[in-house]
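Structure first, commentary second.
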Protein chains: 2
Amino acid sequence: MNIPETLNKSFLFGSFSSDQLRQLAEFTTVKKLKKDERLFDEGEKASAFYFVASGSVKIYRISSEGQEHTIEIQRDGDLVAEAAIFDKETYPAFCQAMDETVLLRIPKHDFIQMIERHPRIAIEIMHGYSKRLRWFVRLVEDLTMHNIKSRLARYILNNLSRDSERHISKLSISKKELASLLGTIPETLSRTLKSLKKDGLIGEEGDYIVIQNLRRLREVAE
Amino acid sequence: MNIPETLNKSFLFGSFSSDQLRQLAEFTTVKKLKKDERLFDEGEKASAFYFVASGSVKIYRISSEGQEHTIEIQRDGDLVAEAAIFDKETYPAFCQAMDETVLLRIPKHDFIQMIERHPRIAIEIMHGYSKRLRWFVRLVEDLTMHNIKSRLARYILNNLSRDSERHISKLSISKKELASLLGTIPETLSRTLKSLKKDGLIGEEGDYIVIQNLRRLREVAE
DNA sequence: CGTTGCGTTGATCTCTATCAAAAAAGGTGG
DNA sequence: CCACCTTTTTTGATAGAGATCAACGCAACG
């Protein structure tokens, strides 16, 4: 795989000139992970950040009681640990591949130098940060103001795609993961899905959620 | 008040050269707010961000049921809405002064131009973003993994200062605000404080929380 | 003084976690 | 393809945390 070409797929790097991409590729290395392999651990010194070329990784923390808690899932085109670039500190969470995953490793130091030469890049990165921050603000709001049913409804609605005449939402992660992502446990997720099905808002077909009553699902999501 | 001097107090701008501060001051204007006056509304077009010179503002959203929900409180030295700089969109929340507050208004457009000339600034800003992101990650973890008693304990511990021989924590906001900030309601906060007092971990003296058993309070906070 | 908003207390109810166990779904090696 | 084992998902019963509703004391303020 050609590194400049891969980078070009990203929202972030998509606006780079081919010259900039070539420069970036100079200090970028490819990192391949098998399913469940860890990219970094919480507390590890952060010397680089990553770009997901293919596959997906989950970012999670472990509570004092040993419970794993997913913070987010990053897929191809996303950046991982870019928040660690400018803080000289350590990774704030664990990162583990959810499938066979290919990443580009971008050393912090080289990247900062590049920014100094090409400030436009910084603006793109900051744009990404802004989005991320906004997303977290929403998440916090969600966690404090809404119950699980509405969080689940929101998740389903955010994932919507069209299949012939129907609205569907592919569950690309296990329900166990989804529960963790929604800030709950599998049992509760199972019951919540059941309740939405009972009320005729959704149906389940294998890995897909089929929307049966979009309007009412939106109402639940608020 | 001298603008460059004021800016210099900030963590963010503290690293700027006097030349840079002077430049920044050129397009910066002073904005004064009375208590409870709003700086901007959710959904309003975001054309500038702000630096809090004195006083404090709260960032909050309003739920569909009309309930106000505080996201964070920014004090002197903090930035407000810097996440809106690079997203061309709108402010994602309301912002209202909690006291008599003086802010510096920094137009987005001018600031971006300045970054292009002085990439170092960008790195400082990104540093701030990183910190903020980390903070939110912690907050999300807090909300999903800890109960209110431990959140409250954490809040008290983060506010700690020394008064002669005692550890104290000043409640600089109303309990109603604090409840909102901790993601709960005043009734529950009141009961939680009561429980901590009953167990001899803290005491209350006017606007101050007096720590009576630091070790056990830390245990509750985990 | 009456009014208004804040803080506290009590009773009750709802949601969600926990614990336990069965059912279903995936592997894996023969 | 099957028997076996592991992990995920579902279901049930129960307990606990926190929200809601209602009421009251209290201070600030016109």
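Since the model is a prediction, treat every value here as computed from it, not as a measurement. Just so it is clear: chains get the letters A, B, ... in the order the sequence lines come, proteins before strands, and each one is counted from 1.
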Given atom [atom1] of [X] and atom [atom2] of [N], what is their separation to the nearest angstrom?
X      : N      : atom1 : atom2 : value
A/K35  : D/dT7  : NZ    : C1'   : 11 Å
A/K149 : C/dA17 : NZ    : P     : 15 Å
B/I185 : C/dC13 : CD1   : C1'   : 13 Å
B/K175 : C/dG5  : NZ    : P     : 20 Å
A/L143 : D/dG18 : CG    : C1'   : 16 Å
B/D36  : C/dC6  : CG    : C1'   : 14 Å
A/M145 : D/dG18 : CE    : P     : 19 Å
B/N147 : C/dC15 : CG    : P     : 20 Å

What does [X] touch in the nucleic acid at a heavy-atom separation under 4.0 angstrom: a base, only the sugar-phosphate, or nothing?
X      : answer
B/L189 : nothing
A/G206 : nothing
B/T192 : nothing

### Query
Is A/R191 side chain donor-acceptor paired with the D/dG12 base, going by distance under 3.5 Å alone?
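Yes.
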#### Entry: B/E187 (side chain) and C/dC6 (base): donor-acceptor pair under 3.5 Å
no
### Within 6.0 angstrom of A/Q67 CD, more than 12 heavy atoms from elsewhere
no
### Message
Closer than 3.5 angstrom, by distance alone: can the side chain of B/R216 be matched with the main-chain N or O of B/D199 as a donor-acceptor pair?
### Response
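Yes; at least one donor-acceptor contact below 3.5 Å.
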### Message
Strictly below 4.0 Å, N to O, side chains only: are B/R38 and B/E44 in salt-bridge contact?
### Response
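Looking at B/R38 and B/E44, the cut-off is not met.
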### Presence of B/T184 side-chain N/O under 4.0 Å of D/dG18 phosphate oxygens OP1/OP2
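For B/T184, the contact criterion (side-chain N or O under 4.0 Å from OP1 or OP2 of D/dG18) is not met.
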